[in-house]
Structure formats: C-alpha cells, structure tokens
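None of the values given here were measured: they were computed from a predicted structure.
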Amino acid sequence: MKRNTGKSMLKRLLALSAVIIFLLCSNTVRVFYLQVVRGEELSSKAESQQMRDTEISAMRGTIYDSEGNVLAQSATVWDIYIDPLAIDLEIEEEDTAEDIAEKEAKSEKRRNLLVEKFTELFDYDEEEKEELYKKTLEENHYTMVEKKVENNVKEEISEFISENDINFIGMEQSSKRYYPYGSLASTVIGFTGDDDQGLYGIESYYDEELTGTNGRVITAKDAFSNDISDDYETSVEATDGNSLVLTINQTIQYYLEKGLRNTLEEYQAKGAYGVVMDCNTGGVLAMASLPDYDCNEPYTLTYSKDKNEIKKIKDKEEKQKAESAATLNQWRNFTINDTYVPGSVFKTFIAAAALEENVVTPETTYTCTGSIKVDVHTMNCHYHAGHGTQTFAQGLANSCNPFFITVGQKLGVHNYFKYFDAFGFTQITGIDLPGEATPQYYKEDEYGIVELSSASFGQTNSLTPIQVCTGLCAIANGGKLVQPYLVSSIVDADGKTVKKTEPKVIRQVISSETSETVREMMKGVVDNGTGKNGYVAGYRVGGKTGTSTKLGESKEGEGDKYIVSFAAIAPSDDPEIAMIIIIDEPNQDLGGGALCAPIASEVIEEAMSVLGIEPKYDDEEIENLSSYTPNVVGETLEDAKTQLKQYGLEYTVIGDGDTVTRQCPTSAGTIPSGGTVYIYTDDSDKKMTTVPDFTGLTVNEAKSLAKTNNLNIEISGNDISSGSVIADRQSDDKGVSVEQGTVITVTFKNTESVLD
C-alpha cells in the first residue's frame, strides 16, 4: 500500500515537474519572441505611446540680390493638429447612464466648438467643415488640420485654447517661403513646393545648399498622452540652410522686365526674353523670360493673352490642358531652357572671325544688288533693292546678307567652325541653373556651300540666348570667353562666407585688337545703321539687330512667324555690360531695331547709373543737355525775370506780389534749354496740371502738347530730327497730376524697321 502511494506521489511530482518545465520553456520562448523577434517593433510602439517626437523645421536659406535686397526668405509658420481621442471626455466604470450622457454631450459640444472656430478662421465651406468634423472622430492622437498657418492666426488659436481650457489642439513650428518682390526675377529664382523643396530655378539648383537640417523635441507623455515635466524633454536644435548672394541687380532687373513686359503686352507676342551680363566677369546682372509668374502664387496665370485665349475654350478637358500648358510655359526660362535661331545678331561673330583671320578689313568693299546666287539657290538681302557698294563696317550697319555670305565663303568651313566652337556654341555654358538646353548645330563635316552661306548670316544653327550673350561678352571684353554665373557667394547661418565664385576665363577667342574693331563696327550699327534706337546720350553703345523666320512653326496662309532681337554692349569704348533682348512672334512685322533696341536703350541708361559709370557727352549732346534751374526764390520779381532771361528761359508769373516765394522747377531740378519757369509771388496754391499721353507723337507734336498743358518737355533719343521718329515712353505716366512747369522726359524712337 505504501509502495503504491510512493509511486503515485512520484508520478505526481514528475507530472508537476513536466508542467513547470513546460511553463518555463513557454515563458522563455515567449520572452525570446517578445524581446528578440518582436523587440524592435514593440519597443517602437512603447516609445510612441510614451514619447512625443516633434520635428522642428529648419529655416531655408535666404536669397539676396547683389545689393543685399531680399529676393526670397523663409519665416516661421505653424502646422495645426488635433488629438481626436482627447476631445471625448473619459468614461469611468462607476459612471451612471446619466453621467455618460452628460459627458457625451459635453464631448460633442467641444467637437462643435472646434469646428465652428476653425470654420471662422479658415473660411471653410460646408464640405470642408464636414471633413473637419470627420477628423475629430478619428481614433488616434494626431491628425493634421492646417499647414503653414501665419503667426497672427496661430496667436488667435492660442487665445482660443486658453479661453476654453482645451487640451486637444496642438501646434508645431514650420516655415514658409516668401518672395517680397513677387514676380521680379521669378524665372531665375523659381519657387518651392509644400515640402519646402526647390522646384525651379535657383531654388532647385541650389536646393541642397539652401535646405537646413531639421531639429527635434522629444517629450515624455503620461497615460493620457499629456506632456509631463521638462525634465523628460530632449531637444536637438535645427540648423538653418545656407544663404545665396546673387549677381542679379534689382534695379537693372526691374527695368529689363519693365521694357519686356510693356512690349509683350503691346504686341501680344508669344514671349519676351532678355539677359544682361557683366562682360568682364560673366556675372548675370539681369535675366528675364516673359510671360512669368509671381513666386508666391506660381500656379496663377499672369499673361493677358493666355488668359483671354483660355477663356474662349468651352471644352472642360481641353481648357484644363491649355491652363496646364500655359502654367508650365510661364515657369520656363527661355534664356537657358530653349534654343532659337539668332539671325543677324550672329553677324558680329562672323565679323570677328573674318577680321581675326585677316579675310577682310573694315574697309573691304562689296556691291550688294539685293541677292546672291549660292549653288542653285538665290539668297536675298532684306533690302531687296540692294545696298550698292559699301565697306565691311557699313555692311554690318546695314545688316547686308549677301556681303556676309561672301565673307563666310572666304572664311571657309574649317575656320567658320573653329570660331563657332571657340565662342562656345557647341556646348552648354554651364550656368548655375537647371535644364540648360543643348545647342542644335551642324558639325564641321556636315557643311556644304549652302549651309555655310546660310549660317554666315545667322540661320541654320539654334543657340540658347545665354550662349549668345556669353559670346557677346567675348567680343566686348577683349576676346575672352567667360563662364556665366548667378550666385556670387554662399553664406552660412552665422553670416560667414563658405564659398565665393571666382570669374572663370574659358579661353581667348579673338585678339583684343579684333575685339576693339568689332566694337567700333557695332557702334556704327547704332549710330548709322539698323540699331539707332539703341542710342543713349553720353554713352557709346554698340549693337546689332537680328531677325529669324521660324520656318518650322510658320503655317501656310498665316504668314511667317518671326523672332526678333537686339544685341548690345556698353560703353562700346570700354565695355561693362553685354545684353541680348528677344521678342518672340510679335503681332506686327517689326524688327529688332524697332522692338528690342528701345528696351536695351532704357536698360543701358539705368545700368550705367547703377554701375557708377559717368556719361561722356559729345559737343552735339552737350548743346541739347538740360541745365540746373537757377534759384530765383527770394528775388524781386523784376530781378527774377532778368536772371531767367539771361539763362535763355521763359517764365510765367502766378500771383500779384513783388517777391518770388516759390518756383517750379525748383533749383534742385533741371530744365531744358528754352524751358519755362513758373514763379509764384504770393501764397497761392500750387497750380496743377494733368500729364497727357505723348506716345506716338512726333517731336513737334509733343512739344506743342506739353506747352498746352503748361509742362516742360525734355527730348531724349536718337536721330530726333528724322520724320520717322515718334515718342516711345515718358518719365511720368499719363493721367498723373503734377505741378505746372514740371519737366517730363519723353524718349523718342525711330520707327524705321527692317526684318534683317
């Protein structure tokens, strides 16, 4: 009996031991599974429940112009989120049905309070309001509601939280990109996306430099997801991105865009483009491609022609496609992203090559009959009657095609292509902008006599405007090809310069002597040739007009489509800048001399002032200069009259007194020769007048209109004695109220135009 009992006990012990061993093994396996197999996953979940990890956005670097003006900068904004699970009041086990109903009602009230406040702040429609309400029902602790909220709205939300003792609305610091000048240099600067990543232009090309390193704040949470003591908080500071200092000059950029925009709208062109470069360093002083956009609202169309054409489209899908195409087009920087046939502007490079190879001299003559036979083809001059016998310098001024065809043939394919390559036309420039287009050109072994002849007056090959402007710099600066660039330096968050761009000379293309000769010939284009509207008093301007027919885009029955241009260097005797101005498909058959040269003239005048280059007037210009108005305030009326007569000025007396109390123009301003000074002899109110519209008038008509409106007029522009000259722009806008006697500067242009 005892033996059986012992055996039974032994069996029980063995069974118990087996169970214990099994449980221990099971626990060991379970622990292994939880700690090793799922350890990382469960640890992450635990941390997410116990810790709040908040990212602190780094500020994107600022973009400055060459004078330190802010073109793009980031500012602090706020992302607003809610904790849906914290909206509902917690239901306790001991709560009665009445308690539960009361808490649910309060929770719903809190939910509606949130929805109504956000609807008020963010102007939600019914659909957006309903969407927010659904978010408040989500079963999680973090739901984003609004991104990049301005500080004034954030403060209002903070006040709302405080007043209502709310714990379910949170705010995280973020940043937003601002562009203080809107559309200024927009196709150069570009813009950023919602994630603050650069999408176009400088913002894209230098995205890595501009982007900072985000920081973090890690905070411990209690069981109800509330933050606990700062003792449990860890933070890593954000490091702001580097800033960029551009070579772009705000003033030069403004006047370039102003001229292009006015011409684009007036002639309803497809596009208007321009580049202004420091010809000695390669720094881009201004670059514009219109139509453009406001960097703050890049998806909003800006060009009236595009908007009007899209408005006419009835089909919804077709309309969307047109809007998308127009949006992409206004983002595109034609000056680097596209190629065009340069036309007769290219003759400056042929002239440089031919002079360098001693094929011609400026005095070499040729008789133009209006056309020339090349193989089986007849190639025409733009002046079909023919220019007659002319020197090579005159041939450039007249933009004579047959002359340059002959010169190109003398130069030969090998020498032609040698300089084509040397001027940088076989490769991209390497400018620091994304998407630079590759030139489209014939290789040396692809030229026959016809291709060489056509290329010699600027047809056949397609180049980017930045290539052409860079080539012009080589002609202007003594023959050196320089690399164009837009960022002059990179500065870190502490203001220290971490990188500075040094001007880079790629090669010597032509001699300084040839450079000087071509510059003098280009001056003749402005003084006596097709580029007269490029004239600027006090500065010697060299230029070249150009026209190219867009053969691939011209449709039968609609006439030819043109792209017209004007190249300029200034001052031509000691160049500082080179420039290319292009108008794409204007709605009138006007050449670069009529459309582009006036823009260049205004930009040159402003650029010379910005760069501190003093004018040098010749004797004829000095005679037409305005002079400072003599100060007659405080003089007796009779003495004032005598003094004004001595200066060759007229006067108009306002008042019945004997002593001059004020005058217009004042002594701080200038007055044209023979102008009228309005002098007051008592405390009479200022006599005002309205500025009329002078545009389109001849010089005599403009003078007569100014006199009728009691204004002084200063005449500006070239060849103002010619009957084909009309007013192109004025210093004060029409309709503006000004004091009688005010001096209005009216700039005239020559309307004679050739499609050369």
Side-chain angles (χ1 to χ4, degrees), residues 66 188 202 205-206 244-249 252 274-287 335-336 342 345-346 348-357 415-433 436-439 441 461 463-490 497-522 542 544 567-580 607 611-613:
S66 60
V188 174
I202 289 288
Y205 192 89
Y206 284 95
L244 308 178
V245 180
L246 305 187
T247 56
I248 294 286
N249 179 280
I252 301 174
V275 181
V276 183
M277 289 175 64
D278 181 326
C279 61
N280 298 304
T281 67
V284 176
L285 302 175
M287 175 183 279
T335 64
I336 64 152
V345 164
F346 194 79
T348 56
F349 304 113
I350 293 295
L355 289 165
E356 186 74 11
E357 291 296 319
N415 281 332
Y416 165 85
F417 194 80
K418 180 175 76 172
Y419 287 94
F420 185 86
D421 179 53
F423 274 113
F425 300 145
T426 61
Q427 55 196 355
I428 62 173
T429 65
I431 189 171
D432 45 346
L433 278 175
E436 184 175 5
T438 303
Y441 61 93
N461 299 306
L463 310 173
T464 58
I466 189 64
Q467 281 184 301
V468 174
C469 198
T470 303
L472 290 168
C473 287
I475 287 177
N477 67 20
K480 298 181 291 291
L481 186 70
V482 291
Q483 182 169 0
Y485 63 96
L486 277 154
V487 171
S488 63
S489 62
I490 300 175
T497 300
V498 296
K499 185 178 179 181
K500 188 172 180 62
T501 304
E502 296 296 334
K504 179 181 179 181
V505 176
I506 298 170
R507 68 180 70 90
Q508 186 80 27
V509 182
I510 54 175
S511 66
S512 59
E513 292 78 15
T514 298
S515 166
E516 185 177 355
T517 302
V518 177
R519 295 198 314 260
E520 185 63 28
M521 289 172 64
M522 291 177 71
K544 184 67 195 81
I569 56 174
S572 61
D573 52 346
D574 187 14
E576 293 287 340
I577 64 171
M579 178 188 324
I580 184 73
L611 298 174
I613 301 169

Examine distances only and state if a side-chain atom of Ser512 and a backbone atom of Gly478 form a donor-acceptor pair shorter than 3.5 Å.
-> no
- May I ask you to check whether Thr464 and Glu436 show a side-chain donor-acceptor distance below 3.5 Å? no
dist Met277:CE -> Cys469:SG (nearest 0.5 Å) comes out at 5.5 Å
Thr281/Val482 under side chain to side chain contact (heavy atoms under 4.5 Å, CB included): CA gap, chis, key distance, verdict:
CA-CA 7 Å; Thr281 67; Val482 291; over 6 Å; no
Indicate the ring-plane relationship of Phe423 and Phe425, choosing parallel, tilted or perpendicular according to the 30° and 60° boundaries.
-> parallel
The reported gap from OG1 in Thr429 to CD1 in Ile336 (rounded to nearest 0.5 angstrom) is 8.0 Å
Quiz item: Is the backbone N or O of Tyr485 less than 3.5 Å from a side-chain atom of Asp432, with the two atoms forming a donor-acceptor pair by type?
Solution: no
Review point. Can you find a pair of side-chain heavy atoms, one from Tyr205 and one from Val487, that are under 4.5 Å apart?
Key: no
### Query
So do Asn280 and Glu576 actually touch side chain to side chain, heavy atoms under 4.5 Å?
yes
| message | Measuring only between side-chain heavy atoms, which start at C-beta, is Leu244 closer than 4.5 Å to Ile490? | response | yes
Problem set entry | Donor-acceptor under 3.5 Å (Asn477 side chain, Cys279 main chain) | yes
Practice prompt. Find out whether Ser572 and Glu520 are in side-chain contact, i.e. whether some heavy atom of one side chain is under 4.5 Å from a heavy atom of the other.
Written response: no
*Does atom CD of Glu516 have more than 12 heavy-atom neighbours from other groups under 6.0 Å away?*
no
Heavy-atom nearest pair, Met579 first then Leu472, reads O-CD1, 3.6 Å
- [ ] Determine yes or no for a side-chain-to-main-chain donor-acceptor pair under 3.5 angstrom, with Ser515 supplying the side chain and Ile475 the backbone.
- [x] yes
Flag side-chain contact, heavy atom, 4.5 Å: Leu611 against Ile577 = yes
Side chain to side chain contact (heavy atoms under 4.5 Å, CB included) evaluation trace for Val284 with Val188: CA-CA 11 Å; Val284 176; Val188 174; over 6 Å; no
Of Glu357, Arg519, Glu356, the one forming a side-chain hydrogen bond (donor to acceptor under 3.5 Å, both in side chains) with Thr514 is Glu356
Gln467 side chain vs Gln427 backbone, donor-acceptor pair below 3.5 Å
yes
Query raised in the report: Do the side chain of Lys500 and the main chain of Thr497 share a donor and acceptor less than 3.5 angstrom apart?
Result: no
(Q) If you apply the rule side chain to side chain contact (heavy atoms under 4.5 Å, CB included), what do you find for Thr348 with Met521, and how did you get there? (A) CA-CA 9 Å; Thr348 56; Met521 289 172 64; over 6 Å; no
To the nearest 0.5 Å, atom CG of Leu463 lies from atom CD1 of Ile580 at 10.5 Å
Across all chains, not counting sequence neighbours, the ring pair (Phe, Tyr, Trp, His ring centres under 6.0 Å) partners of Tyr416 are Phe420, Tyr447
Worksheet item: Has the side chain of Ser488 got a donor or acceptor atom that lies under 3.5 Å from a matching backbone atom of Thr247?
Response: no
* Pair Met287-Ile431, side chain to side chain contact (heavy atoms under 4.5 Å, CB included): steps then yes or no -> CA-CA 12 Å; Met287 175 183 279; Ile431 189 171; 3.9 Å; yes
| said: A side-chain contact here means heavy atoms from C-beta on lying under 4.5 Å apart; do Lys499 and Thr501 qualify? | reply: no
